[in-house]
Every structure is written in C-alpha cells, then in structure tokens.
Student: 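Please find one structure pasted underneath; my questions will follow.
We're numbering straight along the sequence, starting at 1.
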Amino acid sequence: MNLNYKWTLKDANFTKDRGKVFSCFSCGGGSTMGYKLAGFDVIGCNEIDPKMMEAYKANHNPKYAFLEPIQTFKNREDLPQELYNLDILDGSPPCSSFSMAGARGKDWGKEKKFREGQVKQVLDTLFFDFIDLAKKLQPKIIIAENVKGLLLGEAKAYVNKILLAFNDAGYYVRYDLLDASKMGVPQKRERVFFSAIRKDLYKGEFEDMYETEPKLELEFKEKQISFGEFYIPGKKDRQTSEGKMFEYWKLRKEGDESFAESVIRYEKNENIRRCFGTKFLYNDKTPSTITANSDCMFLFEEYRKPCKEEVCCIGSFPQDYNFVKNPYYYIIGMSVPPLMAARVADRVWKQWIDSGAGSQHLTTAST
C-alpha cells in the first residue's frame with residue numbers, strides 16, 4: 001500500500017476489493033478516505049450535520065446517506081440489507097466531553113451541540129449508541145476512534161463501560177493509543193483506536209489478540225514529517241489581523257510552543273493565560289494537533305496562518321477535496337486523518353480479515 005500525505009482524489013486508486021465499510025459520525029469523510037486508500041468499499045454514512053453531509057456527498061457520492069442523529073438511525077427498521085453484511089463498521093463518536101482541551105467532567109451528562117444547525121445531544125453517551133448499532137448490524141469488525149483524554153483520569157471509567165458494552169454486543173475488543181506522526185501524517189495527533197472482532201469469527205482465547213496469531217499489531221514507525229517539507233513561502237488565503245496578535249508575534253522567541261509566551265512578554269505579567277491554543281509551526285518540526293479552531297496554528301517564520309494546501313498536508317487530506325462552503329480547517333480539524341485510518345485499516349485487513357494472513361483461529365471475513 002503506497003501512501004503519501006500529499007495526494008489527490010482524482011489520481012487515487014480505490015480498488016474496493018477488501019470488503020464493505022459503513023461510516024458513522026462521518027463528518028467530511030476523513031476515515032472514509034482512509035478505508036478507500038486501504039482498498040475497502042465504503043458504501044455509506046450516518047451524519048447529523050447537514051453541512052458536513054453536503055461535503056461528504058460532494059466528495060464520496062455514497063450509496064447510502066442517513067442525515068439524522070445516531071439515536072434515530074440505530075432504531076430504524078428499514079435499513080438496507082447490505083448494512084447487515086458489513087466487513088467493518090467505522091465510527092468516531094464526538095469526543096469533546098473527554099478532550100483535554102475541553103471542560104471534561106464538567107460537561108459529562110449534559111446536552112451539547114458542536115455548531116449551529118445541529119441538534120443537542122449528550123455527547124458522552126454517543127459511543128454507546130454506536131455500539132447499540134453494532135449489536136444490531138453485527139458487522140465482522142468494528143473500528144472506533146476517540147481522543148486520548150478518554151484514557152486519562154476519571155474518564156477511564158467510561159473505557160471500562162465501553163469494553164463491557166462491546167462484550168455484551170458479542171465482540172472481543174482491544175484499544176491502542178496511536179500517534180499520527182508515526183503513521184506518515186505530518187501532525188502530532190494522538191488518538192485511541194478501539195478494534196473489535198465478532199466473537200464467532202475469533203476462535204482463540206481473548207488474550208491471544210495481543211500475544212499470538214492472529215494478533216493485531218498496531219505499532220507504526222513511519223518517518224516523521226516536518227512542516228518545512230510542504231511549506232509554501234508567502235502563500236496566504238486567510239486574512240490575518242495586524243493588531244495585537246502581530247505585536248505578540250514580533251515578540252516570539254525560538255523554542256516558544258505557542259503565542260502564550262509572547263503574550264506574557266507583551267503584557268509583562270506571568271499570570272496572563274491567553275493564546276495557549278495558538279501553536280507555532282516550525283519548518284524543522286512536525287506540526288502539533290490540528291483542531292477545528294481557525295487560530296490553532298500560526299507560522300513562526302511568517303506572520304500568517306497555514307494556507308489550505310498546507311493544512312491539507314497536515315491533515316493528510318487530498319489537495320483537491322471539495323469543502324463546498326465549509327472552512328477547510330474546520331473539516332480537517334474535525335476529521336480522522338485519512339492516512340491514519342488507512343494504516344489501521346490495512347493492518348486489520350492483513351492480520352484479521354485476509355485468510356492468507358496465516359491465521360488458524362480466525363474464520364475469514366472476506367467478501
């Protein structure tokens with residue numbers, strides 16, 4: 001599988017010969033593009049946001065597209081039969097309640113919405129709605145992505161509930177903390193991936209999933225990519241204020257992680273807490289995690305934010321992706337990096353699905 005963070009949809013070779021996938025919480029299709037790059041046929045999606053669905057349709061032309069809350073979708077009695085014969089059910093349940101950048105415990109159990117146009121939901125229960133859907137559809141494999149914060153502090157109790165829910169749905173499950181920067185993505189993005197296999201397909205003991213065939217090995221050692229490898233000098237496509245931010249930027253010093261240090265220098269007050277989320281992009285370093293916030297990144301060498309081509313590289317999004325009328329940084333920041341999903345999907349295919357992988361415990365799940 002030949003993967004590159006700088007690519008185009010028009011030149012991609014989607015073979016669609018490794019099985020069928022359905023994507024939930026699909027956003028603009030970051031994980032969908034990953035599965036396609038890995039050779040899977042993504043037949044449809046479920047998404048609550050009409051703007052995201054518009055972008056998804058423009059780029060993927062899905063066979064099935066359900067624009068509705070997953071709570072409604074999982075209770076449908078008219079789902080296509082094809083959804084009951086999936087090789088992989090994919091999902092990235094909204095995770096702001098567990099994010100280290102959010103309010104974490106203060107938001108647990110509360111109804112929220114990401115943006116205008118969406119209905120309110122209790123975000124920290126969406127993972128369980130996703131597992132309810134899996135229990136109904138009984139796909140062969142389930143892959144779910146979430147934030148690193150899910151493994152920290154009190155949130156770990158949710159992980160135990162998630163594992164129990166997978167078990168009740170009929171699946172053996174494991175989880176891995178993966179770093180996109182070690183997977184060919186020019187971004188230090190740590191995410192938890194839950195990988196589950198239907199119990200009737202796995203004939204060994206549960207513990208064997210880590211130690212013996214067909215174990216799922218998800219350690220990646222791809223070369224880390226610095227911003228300078230795709231930096232476009234002087235390229236601007238977003239207006240940048242020449243006000244106080246410019247004064248902060250002029251006070252930057254080599255080694256500063258964010259604007260916060262410059263704010264303290266400007267205000268001459270170490271107790272100031274401002275601009276921690278605006279990270280500097282260094283030409284010789286791998287970019288930090290990109291978020292949906294337009295101010296999350298700023299160049300150290302030039303007074304500007306990264307342009308669309310650079311942001312697409314950081315998120316491993318195709319250069320010719322059609323964002324419709326959505327801000328490109330929002331869709332990319334909200335999405336699973338395609339290359340990250342592609343590498344996980346490729347390992348799942350080779351180690352769990354493909355009957356030629358040498359497993360004597362796994363009943364083949366190929367179609």
Student: Do Val336 and Met53 land in one hydrophobic cluster if side-chain heavy atoms of ILVMFWY residues count as linked below 4.5 Å?
Tutor: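 No: no chain of side-chain contacts under 4.5 Å links Val336 to Met53.
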Student: Is it true that Glu154 and Lys156 make a salt bridge, defined as a side-chain N closer than 4.0 Å to a carboxylate O?
Tutor: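 No, Glu154 and Lys156 are not salt-bridged.
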Student: Please check if atom CG in Asp78 has more than 12 non-hydrogen atoms from other residues, nucleotides or ligands closer than 6.0 Å.
Tutor: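 Yes, enclosed.
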Student: Check whether any side-chain heavy atom of Ile162 sits under 4.5 Å from a side-chain heavy atom of Leu150, and report yes or no.
Tutor: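 Result yes, sub-4.5 Å side-chain heavy-atom pair found.
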Student: Would you find a donor on one side and an acceptor on the other, under 3.5 Å apart, between the side chain of Glu242 and the backbone of Glu247?
Tutor: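 No; judged by distance alone, with no hydrogens or angles, the pair does not exist.
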Student: In plain terms, say whether Lys223 and Glu229 are close enough for a salt bridge, that is, a side-chain N and a carboxylate O under 4.0 Å apart.
Tutor: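 Result for this pair is yes, salt bridge flagged.
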Student: Can you classify the ring geometry of Phe194 versus Tyr175 as parallel (below 30°), tilted (30 to 60°) or perpendicular (above 60°)?
Tutor: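 Tilted: the ring planes of Phe194 and Tyr175 meet at 30° to 60°.
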Student: Looking at Gln319 and Thr8, would you say the former's side chain and the latter's main chain have a donor-acceptor pair under 3.5 Å?
Tutor: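 Not at all, since once roles are kept as given, no pair shorter than 3.5 Å links the two residues.
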Student: How are the rings of Tyr35 and Phe40 set to each other: parallel, tilted or perpendicular (split at 30° and 60°)?
Tutor: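 The arrangement is perpendicular - the two ring planes meet at more than 60°.
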Student: Within a strict 4.5 Å, meaning less than it, do heavy atoms of the Leu177 and Glu190 side chains meet?
Tutor: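 Side chain of Leu177 against side chain of Glu190, heavy atoms only: contact under 4.5 Å found.
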Student: Before accepting this row, confirm whether a basic side-chain N of the pair Asp237/Lys235 lies closer than 4.0 Å to the acidic partner's carboxylate O.
Tutor: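 Salt bridge: no.
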Student: What's the shortest heavy-atom distance between Pro139 and Arg198, and which atoms?
Tutor: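 For Pro139 versus Arg198, the nearest heavy atoms are O-CD, 3.7 Å.
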Student: Which is it for Phe230 and Tyr5 under the ring pair (Phe, Tyr, Trp, His ring centres under 6.0 Å) test, yes or no, and what are the steps along the way?
Tutor: CA-CA 10 Å; Phe230 51 89; Tyr5 66 87; 5.6 Å; yes
Student: Which value, rounded to the nearest 0.5 Å, describes the distance between Leu37 atom CG and Asn4 atom CG?
Tutor: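 Answer for the CG-CG pair, Leu37 versus Asn4, is 10.5 Å.
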Student: Please work out which of the three classes, parallel, tilted or perpendicular, describes the rings of Tyr303 and Phe298, given edges at 30° and 60°.
Tutor: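 Tilted.
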Student: Indicate yes or no: does Glu54 engage Lys325 in a salt bridge with an N to O separation below 4.0 Å.
Tutor: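 No, no charged N to carboxylate O under 4.0 Å.
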Student: Starting from Tyr84, can I reach Ile131 by hopping between I/L/V/M/F/W/Y residues whose side chains sit under 4.5 Å apart?
Tutor: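 Same hydrophobic cluster.
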Student: If you measure from CZ on Arg191 to NZ on Lys148, what distance do you get to the nearest 0.5 Å?
Tutor: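 Taking CZ in Arg191 and NZ in Lys148, the distance rounds to 10.5 Å.
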Student: Can you confirm whether or not the ring centre of Phe130 sits under 6.0 Å from the ring centre of Phe128?
Tutor: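 No; Phe128 has its ring centre 6.0 Å or more from that of Phe130.
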Student: Start with the C-alpha gap between Thr15 and Asp17, add the side-chain angles, then the distance that decides, and say whether side chain to side chain donor-acceptor pair (under 3.5 Å) holds.
Tutor: CA-CA 5 Å; Thr15 59; Asp17 57 356; 2.8 Å; yes
Student: Check this for me, if you would: do Asp87 and Lys140 make a salt bridge, where the nitrogen-to-carboxylate-oxygen distance has to be below 4.0 angstrom?
Tutor: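 Here Asp87 pairs with Lys140 in a salt bridge, since their nearest N and O are under 4.0 Å apart.
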Student: Report yes or no: does Glu302 contribute a side-chain atom to a donor-acceptor pair with the main-chain N or O of Gly234 at less than 3.5 Å?
Tutor: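 Checked: pair present.
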Student: Say whether, by atom type as modelled, one donor and one acceptor occur between the side chain of Asn75 and the main chain of Gln71 under 3.5 angstrom.
Tutor: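 Confirmed, Asn75 side chain pairs with Gln71 backbone.
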Student: Between the main-chain N or O of Lys182 and the side-chain N or O of Glu222, is there a donor-acceptor pair closer than 3.5 Å?
Tutor: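 Judged by distance alone, no pair lies under 3.5 Å.
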Student: Report the relative orientation of the aromatic rings in Phe300 and Tyr282; use parallel for angles under 30°, tilted for 30 to 60°, perpendicular for over 60°.
Tutor: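 Taking Tyr282 first and then Phe300, their aromatic rings lie parallel (interplane angle under 30°).
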Student: As a quick check of understanding, evaluate side chain to side chain contact (heavy atoms under 4.5 Å, CB included) for Asp176 and Glu219, giving each step before the final call.
Tutor: CA-CA 9 Å; Asp176 297 85; Glu219 182 179 1; over 6 Å; no
Student: Please assess Tyr321 against Phe323 for the test ring pair (Phe, Tyr, Trp, His ring centres under 6.0 Å), listing each intermediate value before the final yes or no.
Tutor: CA-CA 6 Å; Tyr321 184 91; Phe323 294 94; 4.7 Å; yes
Student: Distance-only, no hydrogens or angles: does the Gln187 side chain make a donor-acceptor pair with backbone N or O of Ile314 under 3.5 Å?
Tutor: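 Such a contact is found between Gln187 side chain and Ile314 backbone.
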Student: How about Leu83 and Tyr64: do any of their side-chain heavy atoms sit closer than 4.5 Å?
Tutor: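 Result yes, sub-4.5 Å side-chain heavy-atom pair found.
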Student: How close do Ser23 and Ser31 get, counting heavy atoms only, and between which atoms?
Tutor: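 That would be OG-OG, 3.7 Å.
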Student: Would you mind reporting whether His60 and Met33 have side-chain heavy atoms less than 4.5 Å apart?
Tutor: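 They are in contact (side-chain heavy atoms under 4.5 Å apart), so the answer is yes.
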Student: Which class fits the ring pair Phe227 and Tyr231: parallel under 30°, tilted 30 to 60°, perpendicular over 60°?
Tutor: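 It falls in the tilted class, 30° to 60°.
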Student: Is there a side chain to side chain donor-acceptor pair (under 3.5 Å) between Arg274 and Tyr248? Walk through the geometry before answering.
Tutor: CA-CA 11 Å; Arg274 194 184 304 152; Tyr248 294 155; 2.8 Å; yes
Student: Does a donor on one side chain and an acceptor on the other come within less than 3.5 Å for Asp284 and Ser226?
Tutor: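 Their side chains do not contain a donor-acceptor pair, so the 3.5 Å distance test is not met.
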Student: Closest approach of Leu339 and Trp7, non-hydrogen atoms and distance?
Tutor: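 Nearest pair, atom of Leu339 first, then Trp7: CD1-NE1, 4.2 Å.
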Student: Indicate the atoms forming the closest heavy-atom contact of Ser335 with Gly28, along with that distance.
Tutor: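 Looking at all heavy atoms of both residues, the closest pair is OG-N, 4.2 Å.
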Student: Is it true that a side-chain atom of Ser258 and a backbone atom of Lys279 form a donor plus acceptor pair closer than 3.5 Å?
Tutor: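 The answer is no, because no donor-acceptor pair under 3.5 Å joins these two groups.
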Student: Should the heavy atoms of other residues, nucleotides or ligands under 6.0 Å from NZ of Lys16 be counted, would the total exceed 12?
Tutor: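 Count not over threshold, so no.
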Student: Does Arg189 reach the main-chain N or O of Ser181 with its side chain, forming a donor-acceptor pair under 3.5 Å?
Tutor: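 Between the backbone of Ser181 and the side chain of Arg189 there is no qualifying donor-acceptor contact (under 3.5 Å).
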Student: For Lys308, is the NZ atom crowded, meaning more than 12 foreign heavy atoms sit under 6.0 Å from it?
Tutor: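 For Lys308, atom NZ is not crowded (no more than 12 foreign heavy atoms under 6.0 Å).
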Student: Distance from Thr278 atom OG1 to Lys305 atom NZ, nearest 0.5 Å?
Tutor: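 Answer rounded to 0.5 Å: 8.0 Å.
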Student: Supply the atom-to-atom distance Ser195 OG to Phe166 CZ, rounded to the nearest 0.5 angstrom.
Tutor: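 Output value for this atom pair is 9.0 Å.
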Student: Under 4.5 Å between any side-chain heavy atoms of Tyr172 and Asn167, yes or no?
Tutor: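 Side chain of Tyr172 against side chain of Asn167, heavy atoms only: no contact under 4.5 Å found.
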Student: Where is the tightest heavy-atom contact between Asp179 and Met340, given as atom of each residue plus distance?
Tutor: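 For Asp179 and Met340, the tightest heavy-atom pair comes out as C-CE, 4.2 Å.
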Student: Is any NZ, NE, NH1 or NH2 atom of the basic residue among Asp256 and Arg265 found under 4.0 Å from an Asp or Glu carboxylate oxygen of the other?
Tutor: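 Salt bridge: yes.
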Student: Run the salt-bridge test on Asp132 and Lys74 with the 4.0 Å N-O cut-off and return the result as yes or no.
Tutor: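 Lys74 and Asp132: salt-bridged.
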Student: Measuring only between side-chain heavy atoms, which start at C-beta, is Leu86 closer than 4.5 Å to Val21?
Tutor: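 With C-beta onward as the side chain, the pair stays apart.
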Student: Same cluster or not: are Val324 and Leu67 linked, directly or through other Ile, Leu, Val, Met, Phe, Trp or Tyr residues, by side-chain heavy atoms under 4.5 angstrom apart?
Tutor: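 The answer is no; the residues belong to distinct hydrophobic clusters.
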Student: What is the distance from atom CD1 of Ile142 to atom CD1 of Ile197, rounded to the nearest 0.5 Å?
Tutor: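 Ile142 CD1 to Ile197 CD1: 10.5 Å, rounded to 0.5 Å.
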Student: Verify the ring-centre separation between Phe259 and Phe280: is it less than 6.0 angstrom?
Tutor: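 For Phe280 and Phe259, the ring centres are under 6.0 Å apart.
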Student: Just by distance, do the side chain of Glu310 and the backbone of Ile232 share a donor-acceptor pair under 3.5 Å?
Tutor: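 At least one qualifying donor-acceptor pair exists.
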Student: When clusters are formed by joining ILVMFWY residues with side-chain heavy atoms under 4.5 Å apart, either directly or through shared neighbours, do Leu137 and Ile43 land in the same one?
Tutor: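 Yes, because Leu137 and Ile43 connect within a single hydrophobic cluster, where side-chain heavy atoms sit under 4.5 Å apart.
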Student: Inspect the surroundings of CD in Gln239 and state if more than 12 heavy atoms from other residues, nucleotides or ligands are less than 6.0 Å away.
Tutor: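 Counting neighbours around CD of Gln239, 12 or fewer heavy atoms of other residues, nucleotides or ligands fall under 6.0 Å, so no.
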Student: Could you state the interatomic distance from NZ (Lys51) to SG (Cys27), rounded to the nearest 0.5 Å?
Tutor: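 Reported value, rounded in 0.5 Å steps: 13.0 Å.
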Student: Examine distances only and state if a side-chain atom of Arg18 and a backbone atom of Ile353 form a donor-acceptor pair shorter than 3.5 Å.
Tutor: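 Answer holds: no.
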Student: Hey, is Glu261 close enough to Lys253 for a salt bridge, meaning N to O under 4.0 Å?
Tutor: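 Judged by the 4.0 Å cut-off on N to carboxylate O distance, Glu261 and Lys253 do not form a salt bridge.
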Student: Please answer: with hydrophobic residues joined when any side-chain heavy atoms are less than 4.5 Å apart, are Trp249 and Met297 in the same cluster?
Tutor: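 Unlinked, Trp249 and Met297 end up in two clusters.
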Student: Set out, in order, the CA-CA distance, both residues' side-chain angles and the distance that settles salt bridge (Lys or Arg N to Asp or Glu O under 4.0 Å) for Lys350 and Asp346, then state yes or no.
Tutor: CA-CA 6 Å; Lys350 290 177 178 176; Asp346 185 59; 3.1 Å; yes
